[in-house]
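Reviewing the structure listed below.
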Amino acid sequence: MVEAVIRVVGLGKSYSTAAGLFPALREVDLSIETGEFVAIMGPSGSGKSTFMNLLGCLDTPSSGDYFLVGSRVADLDRDQLAALRNRSIGFVFQGFNLLPRMTLEDNVALPLVYAGVERAQRRERARQELARVGLADYAGSLPSRISGGQQQRVAIARALVNSPRLILADEPTGNLDSHTSEEIMTLFAALNRGGISIVLVTHEPDIAAYAARQVRFRDGRIVSDLPTPAQALTAC
């Protein structure tokens, strides 16, 4: 039996507003198995970003349970949760989130600093991941010296440097042109074929088509959870 890298049961999240509690997420049940590539879709305000924040342990649910790689997140203290996130999840964001005064090598190595890896090993692993995304020759460059597509590749290398089981990608092509978006999604597809689970938020059907499964949210609930049509996957 394939292990679920993510399992949520009755997950809910409400926020306090002037008008009272607003339920951004309502009673969500979902499992994502190791090695899956899943696209999370839905209109603005549907709950997809709230859901991703909960999956990344960037926020806490108001109700329900979240199991990450078999561990019940609510049972973990702050240090245990930080350690689980660091070794299990790689994050890729729309805005790249690179530190402008650090070289690409140092940006990629940053998660290893938090993991307590010594400097020589950090440099070696960062350079390996930059090579993996086709940027081996840019290790000493600053983010301002490379294109947006290259910056997103650096962000992916940073997400990979701790050898995570899972990548969470929030609108990773939102700031990129169509050609560069295709290159980034081809890279994600290759990483998934190598065994990494990927959960991707997008509102673009052509980007979602790279995933094997599409989960759609509306009004804080899952309204569909279907395999991507075979013809769409073949086109990718």
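All values below were derived from every heavy atom in this structure, side-chain atoms included, with hydrogens, water molecules and symmetry-related copies excluded. Since we're looking at a predicted model, the values are computed, not measured.
We find the CG-OG1 distance between Leu58 and Thr50 to be 11.5 Å, quoted to the nearest 0.5 Å. Taken from CG in Leu187 to CZ in Arg132, the straight-line distance is 8.5 Å, to the nearest 0.5 Å. To the nearest 0.5 Å, atoms CG (Asp29) and CG (Asp65) are separated by 10.5 Å. The distance from atom CG of Leu168 to atom CZ of Phe93, rounded to the nearest 0.5 Å, is 8.5 Å. Atom CG of Leu112 is separated from atom CG of Asp106 by 11.0 Å, given to the nearest 0.5 angstrom. Rounding to the nearest 0.5 Å places CD1 of Ile40 at 5.5 Å from CD1 of Ile32.
With hydrogens and angles disregarded, a donor-acceptor distance shorter than 3.5 Å links the side chain of Thr228 to the backbone of Ala211. A donor-acceptor pair is defined here as one N or O able to donate and one able to accept, closer than 3.5 Å; no such pair exists between the side chain of Gln214 and the backbone of Met41. Here the side chain of Asn53 pairs no donor or acceptor atom with the backbone of Asp59 at under 3.5 angstrom. With hydrogens and angles disregarded, a donor-acceptor distance shorter than 3.5 Å links the side chain of Asn175 to the backbone of Gln94. For Thr103 (side chain) and Leu142 (main-chain N/O), no donor-acceptor pair under 3.5 Å exists by modelled atom type. Side-chain atoms of Gln80 come within 3.5 Å of backbone N or O of Asp77 as a donor-acceptor pair.
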Quiz item: Given the rule in the side chain to side chain contact (heavy atoms under 4.5 Å, CB included) test, do Glu171 and Val201 qualify, once you have shown the distances and angles that lead to the verdict?
Solution: CA-CA 5 Å; Glu171 298 280 6; Val201 163; 4.1 Å; yes
Practice problem: Please step through side chain to side chain contact (heavy atoms under 4.5 Å, CB included) for the pair Ile196 and Phe37, ending with a clear verdict. | Solution: CA-CA 8 Å; Ile196 296 175; Phe37 191 165; over 6 Å; no
Exercise. Applying salt bridge (Lys or Arg N to Asp or Glu O under 4.0 Å), run through Arg123 and Glu105 and close with a yes or a no.
Key: CA-CA 7 Å; Arg123 292 188 63 184; Glu105 179 186 303; 3.0 Å; yes
Self-check item: Test side chain to side chain contact (heavy atoms under 4.5 Å, CB included) applied to Glu183 and Leu176, step by step
Solution: CA-CA 10 Å; Glu183 291 180 342; Leu176 305 176; over 6 Å; no
Quiz item: Does the side chain to side chain contact (heavy atoms under 4.5 Å, CB included) test come out yes or no for Glu182 and Met185, once each step is laid out?
Solution: CA-CA 5 Å; Glu182 182 178 338; Met185 292 311 301; 5.9 Å; no
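Few gaps surround CG on Asp177; more than 12 heavy atoms of other groups in view lie less than 6.0 Å from it. More than 12 non-hydrogen atoms from other residues, nucleotides or ligands lie less than 6.0 angstrom from CZ of Arg213. Tyr15 OH: more than 12 foreign heavy atoms inside a 6.0 Å radius. In the displayed structure, Arg26 atom CZ is contacted under 6.0 Å by more than 12 heavy atoms of other residues, nucleotides or ligands. Arg145 CZ: 12 or fewer foreign heavy atoms inside a 6.0 Å radius.
In terms of heavy atoms, Met102 sits closest to Asn107 at O-ND2, 3.1 Å. Between Glu36 and Asn192, the closest heavy-atom pair is O-ND2, 3.4 Å.
With hydrophobic clusters built from ILVMFWY side chains whose heavy atoms lie under 4.5 angstrom apart, Tyr66 shares a cluster with Leu25. Note on Val199 and Val92: separate hydrophobic clusters, where clusters join Ile, Leu, Val, Met, Phe, Trp and Tyr whose side-chain heavy atoms are under 4.5 Å apart, directly or indirectly.
Here the rule is side-chain contact (heavy atoms from CB on, under 4.5 Å) with Val69, and of Val5, Thr34, Ile89 only Val5 fits it.
The ring of Tyr210 has its center no closer than 6.0 angstrom to the ring center of Phe188.
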